[in-house]
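To start, the structure itself, in C-alpha cells.
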Amino acid sequence: MPRRTDIKKIMIIGSGPIVIGQACEFDYSGAQACKSLKEEGFDIVLVNSNPATIMTDPEVADFTYIEPITPEIVEKIIQKELPDALLPTMGGQTALNIAVVLAESGVLQKYDVELIGAQLPAIKCAEDRLLFKEAMREVGLDLPKSEIVESLEKGCELSQEIGFPIILRPAFTLGGSGSAVAYGFEDFKEKLSWALSESPVNQVLIEESILGWKEFELEVMRDLQDNVSIICSIENFDPMGVHTGDSITVAPAQTLSDREYQKMRNAAIDCIRKVGVECGGSNIQFGVSPHDGRMVVIEMNPRVSRSSALASKATGFPIAKIAAKLAVGLTLDEIPNDITKETPASFEPSIDYCVVKFPRFNFEKFPEVEPILDTQMRSVGEVMSIGRTFREALMKSIRSLEIDRYGLSDPCHEIFSDLHGGKLEEKIFESISIPNPDRLWSIARAFRLGFDFEVIWEKSQIDPWFLSHISDLVELEKNCKVPGLLEDYDSLRLLKENGFSDREIAAIRGVEESEVRSSRYKLDLRPVFKKVDTCAAEFEAYTPYLYSTYDYEDELKDMKENQSIIILGGGPNRIGQGIEFDYCCVHGVQAVSEAGFESVMINCNPETVSTDYDISDRLYFEPLTLEDVLEIVYREMPKGVVVQFGGQTPLKLSNSLVESNVPILGTIPDSIDLTEDRERFSELLKELHLTQPPSGTATNYESAKKIADSVGYPVLVRPSYVLGGRAMVLVHNSEELSRYMSDAVKASSDRPVLIDHFLEDSIEVDVDSISDGNEVLIAGVMEHIEEAGIHSGDSACSLPPYSLGPEIVEELKRQTRILSKSLGVVGFNNVQFAVHKRQVFVIEVNPRASRTVPFVSKVVGIPFAKVATKVIAGKSLKDLGFQSDPLPKYFGVKEAVFPFKKFPGVDVILGPEMKSTGEAMGIASTFGPAFLKAQEGAGCKIPTKGRAFISVRDEDKAAMIPVAQSLLELGFELVATEGSYKSLLSNGMDAEHVFKVKDGQRPHIVDLMEEDQIQFVLNTTSGVQSIKDSRSIRRTSLLRDIFYCTTLSAARAAVGSLRDLDKNEITVCPLQSYHSGKFH
Amino acid sequence: MKINNIDSKPAILALEDGLVLEGKSFGFDIDAEGELVFNTEMTGYQEVLTDPSYRGQMVVMTYPHIGNYGVVDGDEESDNIWVEAFIVKELCRRFYKYNSVKDLDTYLKEYKIPGIEGIDTRFLTRHIRENGSLKAVLSSIETNKDVLIDRAKESPGLEGRDLVTGVSCKKSFFFGEKKSRPSCVAYDLGGKRAIFKQLSERFDLEVIPCSETAETVLKKGPSLVFLSNGPGDPSALDYIISNVKELLGKIPIVGICLGHQILAQVLGGKTYKLKFGHHGVNHPVREVTGSQVDITSQNHSFSVDLDSLPKDVEVTHLNLNDMTCEGLISNELRVCSVQYHPEASPGPHDARKLFDFFYDFCLSGKCDS
Ligand SMILES: Nc1ncnc2c1ncn2[C@@H]1O[C@H](COP(=O)(O)OP(=O)(O)O)[C@@H](O)[C@H]1O
Ligand SMILES: Nc1ncnc2c1ncn2[C@@H]1O[C@H](COP(=O)(O)OP(=O)(O)O)[C@@H](O)[C@H]1O
Ligand SMILES: [Mg+2]
Ligand SMILES: [Mg+2]
C-alpha cells in the first residue's frame, strides 16, 4: 500500500523534559519520525517543551513549537496549524496521555485531526490495566492473578485473597511511578494510598507477586496489512521485581529454547492484534517461571519506548523511523532495510553478538534514600555495549558507566574486609538478595569468597546462565596475577576476549595501566571492529555501525590518514550531564561532515540521537575510556579528536589523550586543566584583574575556621576531590563548619576542602561564547532566576537578561572575552558569574560546550554547536559571517525539572548541588509569559487564583512584602505562619494565621494543603533546623502538585508573569517565526 | 580452571579454498567432512542438529552463544543428529533449566558428532557469503593443514549425490492416531517430526520410505500424498521423481522444501544451487497475489528456477530477500508445494496455517484416477 495522499500535515508530540523513565530515547524516536515523514513529503508540526532535543531544531520539523505540552496549549497549536493527523506514539507516555485527553475532549474531532499510529481504543486498552487484562484473557494469555482497585477499603479487602507479597501498579503512569511491592498489610495500606494518588485516574492494579521469575521483553512491529514481526527479544538479568528500566538487560534473549521463544512470539502477536495497535512498534513484557516455564504477560506499551530505542541500537533496525512510515500507510515490505539496502524491512533481525544494557543510577545525589531497586524506575540513564560474548559485553558495559569501575573488582571491599563468618555471610546474602545498584559486584564478591553457586543462585534468583558467566569472570581474575602474563600472548588474549580492560588487569595485578597497554601493543594484541548489520552477516552491510571485539576478522577496511574528525560523546545520562551534550555532539558531527571531513562518533548511550547510525559517517558504539578511544584513534588515524562537546566525559580524557599523542582539536587541554586547577586559575584571574569570591583550602578544622573567618560567613565548602557540585554545602557558622569537617568529609592533607565565601543575594549569570582564537562571539547571556547558591543547572534562567542593566551585561561580556582570549579558547567557552551588589565575580569557567548551548541556540536561532565545530576545524568567525553578538528581541526562559517524586522522603529544597534531570523552555515576546510557559512546561502550572501560603526566613521578610502585595492585587488570599504573618500585618496587609507543623496545633499548614486549601506556596528557609522543620511543606507541595517557590526570586518572577498574563492571553508561535522576526 | 574450553583439544577446520581456522574441539573426537553452511537463528540449535536436511553439511551458527538451555526432551526433530559437524563461537557446557536433561557437549558425544568452537564464526559466515558454500574438513586428530585442505577438496560435496536414502525410514509406519480422517501418505525424504505432527493432526498419516513405488502408494489409496523435506541435491533423485510422476494427476500431492523441489522437477522445472542457501528463521515470504508477509523458517541450499517452470504452473510465493521461488501450485494437476518450512520448529509459526490449506486443497476436488 503506498503512502497516504489524503493527509498532508502531521503533528508530532514530543515527550517534554527529561525525567526518570522518559529520557532522550524519545528525542531519538521523535527526531527519526520527523525525518522519516519529511522524507515522505509531509509537513510536520512538532510540539515539545524540551529545548535540549535535536527534534526541536528548526530544520527538523516545518513548524516547531517549543511550548508546554498541556491540553490547552496543544489545542491552541492545533487551532493555529490545523494538522490533518496526530502521531501520538513517538513522545512516550506524555504524548500518549495528551492524545487521549484531546481525543476524549473532542478537540481532535472539532479540528478534524485523525489519530494515526494508534487509535484511541487501542491506547486505552493497552494503558488501562483492567481492559488490558480482560483483552489478554480473551485471547487465552496467562496473567498474574490481580484485581483493580479504586479505593483503599476495596484494596484492603482484596489483599487477603491475593496474598502477600503484593505488587501495586497505578494505571496511566510512566516509569512505574507509584508502583511498589508490599510485603505485609500495614505496608500495603501505606503504599496503596500513595499509588492511588499517583494514578491520574485513581486506579491501581494489585497483583499476585511473581518476584524472582525471569523477565523478558519483545519489540514488535505491525503494519496496516496486519504483518507483524519481532525486532528484538530482550532478557532481563535481574528477575521480576526490578523495573526493566533499572535492570541489566541482554539482547537477544539467552535462555529461551526455540519452543519457548515461539510461544512468547505468538503471544506478542496475539497481544498486539487484540489490543488493536494498528501499526507501528509496541513493547510487550513477559514473566516466565524458572520452575515450570509458565509464561505470563506483564504489560504492553503501544508506542515506541526506551526499550525500542535500545532494540534499534542493538539490532540496527530503526523502529521509530519505520513506525512513522507505517503510520502513513506504507507496509513493511515496501520499506527497504537501510543497512542491507537490497532486502526489505519485513523480516526479523538476527544478531551475531551479545548486547548488554546497564542502567546508571544517581543515588549519591539523594543521600536520604536507600539505594534499593524495585518496580519503580530510579535509574537516570543507561549504557549499552556490544561484544561477541556476554562476558565481553558485560565488562564493556561496566566501564562505559563512568562510575570509576573497570570490571568486577570489588568497589566496597573495605566494608566487607572487616567482617567474618556468619556476619559476612549475612551481609553478602543481603547484598545479593535485595536488588540494588551494586548487586552485580556483590555477586562477583560472593564467587570470589567461594560461596556455593547454588546458594548464590537461590539468593539472587538470577538465571544461572548469567551467574555462570560472572563466576567465569571471577575465575579469570586469577589469571591477571600470573607471572609473565604481560609477555604471554595467549594468556593476555584470553583476558581481553573476556572483556578485561587494561585498567582492570593492571589494578588486579598491581601495575600501571600503561604498562599493560604497552605490553599488549608489543604483543600486537589489538581488538578488531565488526559491523552491526541486522542480519548476522547474511547480507552485505552498507552502514558503518561498528563495535570492537577481540576476535579474528576486522571489517574496517581501507582506512586513510587525516580524513576523519572524531567527536567524543557524553556517555550515560546522569544528573549534571544529559541530553544537552548529546545535542552538541550531534551538531558537531553534522558540522564535521559539512566542513568536508568524515565524521566519527564514539558513544555508548543507546538513548541518544548521536548513536543513531544515520548521523555520522562512522559510529563506534564503544565505552568512552582511554583504552577504547585509543584503539579507535589507532585505526581511524584522524585529523583530530574533539573533546569539548560531550561534557565532562571526554574532558576527563583529554590529558591522557594528549600524553598518548592524540591530536586534540580546539582549545588545548592545558587550558582546560588550568580552569580546573584552583591555584592556577586564581593566578590567572589576578593577572586579568578579575574578581573571584574570596576563598581558601583547608586540611583540618583549625585551618578551615581561619579561612572562613577571613573570607567571612556564610561559606561554601566542598571536598576538592569531588566534581560537579557534589557534596557541596553551605555553612553559616563555625559549629556547622566543625561538623562538616569532622563528619562529612574527613578532610586530610591529601583530601583538602575548598572554602569559598558565599555571595548572598547575588544574581548568577551564565555566558556562553565561541572563540576562534582571535574573535569572541557571545552567543548568549543568561540571567538566572534563582540567586547564586542554587546550582546553575537547577536554576531557571532568562535569555536575554530580564533585570540586569546593559552596563552589567557589557561588563560580563567583556570579562568573558578576556577570559576566552587569555585561555586561548578555540571553540566553546562557558563562564558563570555572580553579580553581587552590582559587582561581578567569576564563579567558574568551563572551556567547553555547556548545558545551555541548545537552549541558547534555540532561542537565538543559530546552531552554535555547528559554528563552534567549524571554528575548531579551522574557520574563523569572520569566515562564517559573524560580526556582532546576536540579541533576540523576545525572551526565552529555561526551567529545570526534578526527580524528587521518585525518591520518597527527599527534600525538594535546592542548593549548590545539581539535582535536576531535565529542562523545559518557554518563549514569548516578553519575559512574563515566557517564564509562565517554562513553568508550565516543567509541570508547574502557576495558579491564577486561590490562597497563597507565605513562610519566609527573616532575611527575606522585607523583600517578601512587594511579592505579597502583588499576590493580593492579583486576587489571592494570603495565609502565613507566625513571623511572616506579623510582617504582613505590620505592612497593612490582610492575612490569615496558620500553625507550623512543629507548633503541634491543628489544623497546621500541611493539613490545609492536604485539604486543597492552598494553591501557591512561598517557602524560604536557611539553617539546618528550619530546613528540617519545613520539609513536610515542600514535600506535600510536590506530591499534591501545588505550585511552590523555595526562593524569593522565583516567587517574584512567578508573580511578575501573572501580572503580565493579566494583560495578554498566552499565545503560541513556532520557533521558525521567532527566528525570522515574525512573532507577534 | 573450569572455565570454557581451556582443557579442550585443539581442532582445525580446513576449507577447500585453502582457508584454515583453528579452534577447540568439542563433542565426539572424530574427523568430519561436509559442505559448510551458516545458520542465522539465535535459538533452536537442537532442532537444527536433528533436522535430517542437514545431512552432508557442517553447520556454522552465527549467534555466538550456543547451548544455553542445554538439551530438552521433545525438542528433537528426529532420532538422530544429522549435521556432519557443529561450528560455534562459544559452546555452553552447562545446563540448568527445569526441563533440560543434558548439556550440548554430552549430546553431541552420544551421537558421535564432532564440533569446533572458539573461531570467528562471523568471519566464516562472511567468507561463505562471499565465496558460496564450501566443502570443509574438521579434525582434531590430523594437524597437517595441507593434508586437511586436500581432504576437503576431495570430499564429495552435495551436488549429484543421493543423501535421502541414508536418512529416510526403512519401513513404513503410522504416525499419530488413526481416526478415520482423510488419509495422507508421506514420503519420508528426511522429514522433520514437526511436519509429520502437523499432518497427523489433520490426517491419518502413514510415513513411507523414499523408495516406495507409486504402485504401492496407489494401492493404499490415500487422499493426499506428501513429499517431505530432506537433504542434498534434488536433481539427484531420479527414482523419487519418476515415482511421483506416476502419481501426478491421480492423487493430490503437496510438498515442503525438498518435496517442493521434487514436485517442481516432476512438473518439468529445474533446480539450481544457491550460493549459500537459506538457513534461518527470519525470511520474509509473500504471497504473489496477496499482501500478507510471513516470517518463515528456511533451510535449503537449492532452489527452483522460476524461469524453468511450465506456463500452467503458478508461482504462489516469493522470498522478499532475493525473490526466489517459495511456493507453487497447479490446480489442474492438484499439486502445490512450498520451499519454506510452515511447520517451523525452529522458527516462527506464521505459516502453520498452510497445513490447513493443504487439508482444504486435498479435499476441495477430486483427481481423476
Ligand atoms: N506481578 C508482578 N510480580 C513481580 N514483579 C512485577 C509484577 N508485575 C510487574 N513487576 C515488575 O515491575 C516492573 C514494572 O512493571 P510494569 O508493568 O512494566 O510497569 P511500567 O509501566 O512502569 O513499565 C516490571 O518490569 C517487573 O519487573
Ligand atoms: N561563591 C559563591 N557564592 C554563591 N554561590 C556560589 C558560589 N560558588 C558557587 N556557587 C553556586 O554553586 C553552584 C555550583 O558551583 P560551580 O562551581 O559552578 O560547580 P559545578 O562544577 O557543579 O558547576 C553555582 O552554580 C552557584 O550557584
Ligand atoms: Mg514496563
Ligand atoms: Mg557551574
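Note: hydrogens, waters and symmetry copies are ignored here, and every other heavy atom, side chains too, is used. In what follows, chains are A, B, ... by sequence order, proteins preceding strands, each numbered from 1.
Both the backbone and the side chain of Lys531(A) come within less than 4.5 Å of a heavy atom in chain B. Heavy atoms of Phe390(A) lying under 4.5 Å from chain B belong to its backbone as well as its side chain. With a threshold of 4.5 angstrom between heavy atoms, His65(B) approaches chain A through side-chain atoms but not through N, CA, C or O. Contact annotation for Val228(A): only backbone heavy atoms (N, CA, C, O) come within less than 4.5 Å of a heavy atom of chain B. There is no contact between Ser100(B) and chain A, counting heavy-atom distances below 4.5 Å. Of the two parts of Phe276(B), only the side chain, counted from C-beta on, holds a non-hydrogen atom closer than 4.5 Å to a non-hydrogen atom of chain A. Interface residue Glu47(B): only side-chain heavy atoms are found under 4.5 Å from chain A.
Of the listed residues Tyr45(B), Tyr63(B), Phe95(B), the one with more heavy-atom pairs under 4.5 angstrom with chain A than any other is Tyr63(B). Contact count versus chain A (heavy atoms, under 4.5 Å) is highest, among Leu124(B), Val281(B), Thr121(B), for Thr121(B). With respect to chain A, the highest number of heavy-atom pairs below 4.5 Å among Ser345(B), Gly44(B), Pro284(B) belongs to Pro284(B). Most heavy-atom pairs under 4.5 Å with chain A, from the set Leu21(B), Thr125(B), Val293(B): that is Val293(B). For the set Leu256(A), Asp226(A), Asn227(A), Thr389(A), the count of heavy-atom pairs under 4.5 angstrom toward chain B peaks at Asn227(A). Comparing Glu540(A), Arg388(A), His291(A), Lys530(A) by heavy-atom pairs within less than 4.5 Å of chain B, the highest count is held by Arg388(A). Listed options Arg129(B), Gln292(B), His349(B), His278(B) were ranked by heavy-atom pairs under 4.5 angstrom with chain A; first place goes to Arg129(B).
Shortest non-hydrogen contact noted between Thr43(B) and Ser257(A) is CB-C, 4.3 Å. Considering every non-hydrogen atom in both Pro252(A) and Met42(B), the closest pair reads CG-SD, 3.6 Å.
Counting only heavy atoms from C-beta outward, the side chains of Glu538(A) and His283(B) approach each other to under 4.5 Å. Contact of the Glu90(B) side chain with the Arg391(A) side chain is registered, since non-hydrogen atoms from C-beta on lie closer than 4.5 Å. The side-chain heavy atoms of Asp350(B) and Ile269(A), taken from C-beta on, include a pair separated by under 4.5 Å.
A salt bridge is absent between Asp551(A) and Arg122(B): the closest approach of a Lys/Arg side-chain nitrogen to an acidic carboxylate oxygen does not fall below 4.0 angstrom. Electrostatic pairing of Arg126(B) and Asp533(A) does not count as a salt bridge here, judged by no charged N lying under 4.0 Å from a carboxylate O. Between Lys89(B) and Asp352(A) no salt bridge is recorded (no basic side-chain N to carboxylate O distance below 4.0 Å).
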Apply side-chain contact (heavy atoms from CB on, under 4.5 Å) to residues Arg265(A) and Ile295(B) and explain how you reach the verdict. CA-CA 12 Å; Arg265(A) 184 181 179 280; Ile295(B) 306 298; 3.7 Å; yes
Pair Thr331(A), Ser291(B) - check side-chain contact (heavy atoms from CB on, under 4.5 Å), show working. CA-CA 9 Å; Thr331(A) 52; Ser291(B) 56; over 6 Å; no
Please determine whether side-chain contact (heavy atoms from CB on, under 4.5 Å) holds for the pair Arg286(B) and Asp333(A), giving the CA-CA distance in whole Å, both sets of side-chain angles, and the decisive distance to 0.1 Å. CA-CA 9 Å; Arg286(B) 189 173 60 200; Asp333(A) 52 328; 2.4 Å; yes
Step-by-step side-chain contact (heavy atoms from CB on, under 4.5 Å) determination, Tyr96(B) to Phe453(A): CA-CA 12 Å; Tyr96(B) 308 97; Phe453(A) 189 92; 3.9 Å; yes
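How far OG of Ser346(A) is from CG of Asn282(B): 10.5 Å, rounded to the nearest 0.5 Å. Asn68(B) CG to Phe466(A) CZ: the interatomic distance, rounded to the nearest 0.5 Å, is 9.0 Å. A distance of 11.5 Å separates OH in Tyr69(B) from CD in Gln254(A), rounded to the nearest 0.5 Å. For the atom pair Leu320(B) CG and Glu334(A) CD, the distance stands at 11.0 Å (nearest 0.5 Å). Atom CG of Asn321(B) and atom CZ of Phe539(A) lie 4.0 Å apart (nearest 0.5 Å). The line from OG1 of Thr62(B) to OH of Tyr353(A) is 11.0 Å long, rounded to the nearest 0.5 Å.
Judged purely by atom type and a 3.5 angstrom limit, Gln262(A) uses its side chain to pair as donor or acceptor with the backbone of Gly347(B). Counting only distance, with no hydrogens or angles, the side chain of Arg94(B) and the backbone of Pro464(A) share no donor-acceptor pair below 3.5 Å. Although no hydrogens or angles enter the test, the distance criterion places a donor-acceptor pair under 3.5 Å between the side chain of Tyr98(B) and the main chain of Asp292(A). At distances below 3.5 Å, not a single donor-acceptor pair connects side-chain atoms of Lys97(B) with backbone N or O atoms of Gly293(A). Panel note: side chain Ser350(A), backbone Thr40(B); a donor-acceptor pair is recorded below 3.5 Å.
Annotation: Lys145(B), atom NZ; neighbour count of heavy atoms from other residues, nucleotides and ligands within 6.0 Å does not exceed 12. A 6.0 Å sphere centred on NZ of Lys481(A) holds no more than 12 heavy atoms belonging to other residues, nucleotides or ligands. Within 6.0 Å of NZ on Lys273(B) lie more than 12 heavy atoms contributed by other residues, nucleotides or ligands.
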